[in-house]
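The structure under discussion appears below in the form of structure tokens.
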Amino acid sequence: MKQIDILELIEPFGKVLVNEPMKNHTSFKTGGPADYLILPESENVAAKLISMLHNEKISYTVLGGCTNLVVGDEGIRGVVIKISDDRPGFNSISIIDENTIYAAAGVRKSDFIQFAADNGFTGIDFMVGIPGCIGGGIVMNAGTYMGTFSSVLKKVYYINLKGEPSSTEVDSTMGLYRHLNLEKECVLITGADFTLPQASDSATVKQAIEAIIDDRKQKHPWEFPSAGSVFKNPENEASWKLVNDCGLKGYSIGGAQVSEKHTNFIVNKGGASSAEIRALVAYIQSQVKAKYDIDLHTEIRMIGNFN
Ligand SMILES: Cc1cc2nc3c(=O)[nH]c(=O)nc-3n(C[C@H](O)[C@H](O)[C@H](O)COP(=O)(O)OP(=O)(O)OC[C@H]3O[C@@H](n4cnc5c(N)ncnc54)[C@H](O)[C@@H]3O)c2cc1C
């Protein structure tokens, strides 16, 4: 389909950026242009957009805060639908009852935590310090040793392949390691209900949040762009230790470097390309395989076209 045709088709559904450099959106600060990046105004509009793209057979990719991604230097073909708090329609958060909060998919995790703590809820420690939006956190089943999204999710609202709104109850079997086992037809998450306990003392909850943030600041390389932990931990192993014990701390390919502060992070020291990040990931995997015969699998997701 000609460029102008797609633009005409999607323009009614929200703000469109043409040939938008993804490095302006990713936490790694790398990535080539998306043909079209659209910010839908609301859930209803996003549903109609998905329906139209499905009927017209136009390829699309749904993204959130872009904090878990390496986007290829040649960019992303087709339409990128960004669901973030840039649009008020995806930024709502409310108390449903004394144990339930609803949050739209574009709400930032930091805003969710603040809202929960301000309103006397607890059970959110695992989310503290994880950037990006609620939708991305659900898809990734993001978390830490303190818990994951699946431990507090009650119901996920989404738009299916045909552009119809739908929902699913979440049970504990759906939470896998950095993956929530949702229906295949779930293409765009619009929001979720979270079950959270009441805090006996709000001040203690806020102190605990501050302590976690301080701890993460000390351990993680916040001063450089990254996408968080690169590799999942293999069973009974810590990826950072395997990488470290291969002597790779500080190892660089171009502007991409194994962090000197935390060896499961790759950081962009300045001017890194996504190809360099990908090459460094492959190099680390080959070194760990050669030394320990262990396959490291990535937690970060590589999308789009690499050169
Ligand atoms: C400094 C730093 C620290 C981090 N620490 C942690 C950590 O402690 N624990 C952890 O788990 N992660 C961590 N991460 C990784 C990342 O922040 C999480 O995975 C986060 O939940 C991703 O959210 P996002 O909105 O940025 O998703 P994105 O990166 O935009 O997308 C992630 C995936 O979700 C999909 N997606 C996003 N939104 C939607 C939607 N609305 N509907 C359908 N699909 C969607 C995308 O297609 C993609 O496949 C860290 C990252 C950084 C940069």
Side-chain angles (χ1 to χ4, degrees), residues 22 25-31 34 37 39-40 43 46-47 49-50 60-71 76 80-87 89-91 103-113 125-151 156-161 166 175-180 182-192 212-213 215-217 219-233 240 259 261-262 264-268 277 298-304:
M22 287 306 296
H25 300 266
T26 59
S27 57
F28 249 132
K29 309 277 179 236
T30 66
L37 186 145
L39 301 151
E43 294 173 20
L49 172 64
I50 296 281
Y60 60 88
T61 310
V62 181
L63 302 179
C66 304
T67 65
N68 200 51
L69 305 175
V70 184
V71 176
I76 307 176
V80 169
I81 305 171
K82 191 172 178 208
I83 303 298
S84 68
D85 65 348
D86 294 342
R87 285 291 170 276
F90 280 104
N91 202 12
V107 170
R108 287 191 181 273
K109 295 179 189 76
S110 50
D111 291 339
F112 182 92
I113 291 160
D125 288 359
F126 76 89
M127 213 190 281
V128 175
I130 306 179
C133 305
I134 288 298
I138 293 169
V139 171
M140 293 305 304
N141 194 22
T144 62
Y145 68 92
M146 288 178 271
T148 63
F149 267 70
S150 63
S151 49
V156 173
Y157 302 90
Y158 65 87
I159 294 166
N160 72 17
L161 279 166
S166 191
L176 308 177
Y177 189 5
R178 297 298 172 264
H179 173 66
L180 191 72
L182 290 167
E183 282 87 350
K184 291 275 179 292
E185 61 156 31
C186 162
V187 293
L188 189 155
I189 291 172
T190 54
I212 296 166
I213 290 172
D215 185 55
R216 286 177 65 102
K217 276 189 180 150
K219 291 179 180 157
H220 295 172
W222 286 93
E223 56 281 28
F224 296 109
S226 79
S229 291
V230 175
F231 300 105
K232 295 177 185 170
N233 289 321
W240 73 265
S259 165
K261 204 166 172 185
H262 190 310
N264 198 20
F265 277 61
I266 288 176
V267 292
N268 180 352
I277 296 167
T298 56
E299 185 170 322
I300 56 176
R301 294 192 175 183
M302 306 215 185
I303 62 167

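When reading the values below, keep in mind they use all heavy atoms of this one structure, side chains included, and skip hydrogens, waters and symmetry mates. Each ligand, and each atom within it, is numbered from 1 in the order the structure gives. Numbering starts at 1 and runs along the sequence shown.
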Beyond-backbone contact of [X] with [Y], side-chain heavy atoms, under 4.5 angstrom:
X: Glu185; Y: Tyr158; value: yes
X: Asn141; Y: Leu176; value: no
X: Met146; Y: Ile212; value: yes
X: Leu37; Y: Met22; value: yes

Distance from [atom] to nearest protein heavy atom, with residue and atom:
atom: atom 31 (O) of ligand 1; value: Leu69 CD2, 4.1 Å
atom: atom 20 (C) of ligand 1; value: Lys109 NZ, 3.2 Å
atom: atom 27 (O) of ligand 1; value: Gly136 CA, 3.4 Å
atom: atom 28 (P) of ligand 1; value: Cys66 N, 3.6 Å
atom: atom 52 (C) of ligand 1; value: Gly228 N, 3.3 Å
atom: atom 15 (C) of ligand 1; value: Asn68 OD1, 3.4 Å
atom: atom 42 (N) of ligand 1; value: Ile189 N, 2.9 Å
atom: atom 16 (C) of ligand 1; value: Thr67 OG1, 3.3 Å

task = Could you tell me whether Ala105 and ligand 1 have an N or O pair separated by under 3.5 Å?
result =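 For ligand 1, there is no N or O atom that lies under 3.5 Å from one belonging to Ala105.
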key: Nitrogen or oxygen of Gly129 less than 3.5 angstrom from that of ligand 1   =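 N/O-N/O distance under 3.5 Å: no.
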Report the member of [options] with the shortest heavy-atom distance to [atom].
atom: atom 12 (N) of ligand 1; options: Val71, Ile130, Thr144, Val80; result: Ile130
atom: atom 24 (P) of ligand 1; options: Pro225, Gly65, Gly106; result: Gly65
atom: atom 40 (C) of ligand 1; options: Thr190, Thr26, Val62; result: Val62

Which of the numbered atoms in ligand 1 are below 4.0 angstrom from a heavy atom of [X]?
X: Ser226; value: 1 (C), 53 (C)
X: Ala227; value: 15 (C), 51 (C), 52 (C), 53 (C)
X: Leu188; value: 42 (N), 43 (C)
X: Gly137; value: 21 (O), 23 (O)
X: Gly143; value: 7 (C), 8 (O), 9 (N), 10 (C), 11 (O)

query = Does ligand 1 have any atom that is closer than 4.0 Å to a heavy atom of Arg178?
reply =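 True for this residue.
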key: Any Arg301 heavy atom less than 4.0 Å from ligand 1   =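 The answer is yes, since Arg301 has a heavy atom less than 4.0 Å from ligand 1.
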Backbone, side chain, both or neither: what part of [X] comes under 4.0 angstrom of ligand 1, heavy atoms only?
X: Arg216; answer: side chain
X: Val187; answer: backbone
X: Val139; answer: side chain

Would you say the side-chain atoms of [X] pair up with the backbone N or O of [Y], donor to acceptor, closer than 3.5 Å?
X: Ser229; Y: Phe231; result: no
X: Asn91; Y: Gly106; result: no
X: Thr190; Y: Tyr157; result: yes
X: Arg108; Y: Ile134; result: no
X: Lys109; Y: Cys133; result: yes

inquiry  = For Ala105, give me all partners under side chain to side chain contact (heavy atoms under 4.5 Å, CB included), at least two apart in sequence or on another chain.
reply    =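 Counting only residues at least two positions away or on another chain, Ala105 forms a side chain to side chain contact (heavy atoms under 4.5 Å, CB included) with Ile83, Ile189.
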task = Can you label the angle between the Phe265 ring and the His220 ring as parallel, tilted or perpendicular, going by 30° and 60°?
result =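 Because their plane-to-plane angle lies in the 30° to 60° range, the rings of Phe265 and His220 count as tilted.
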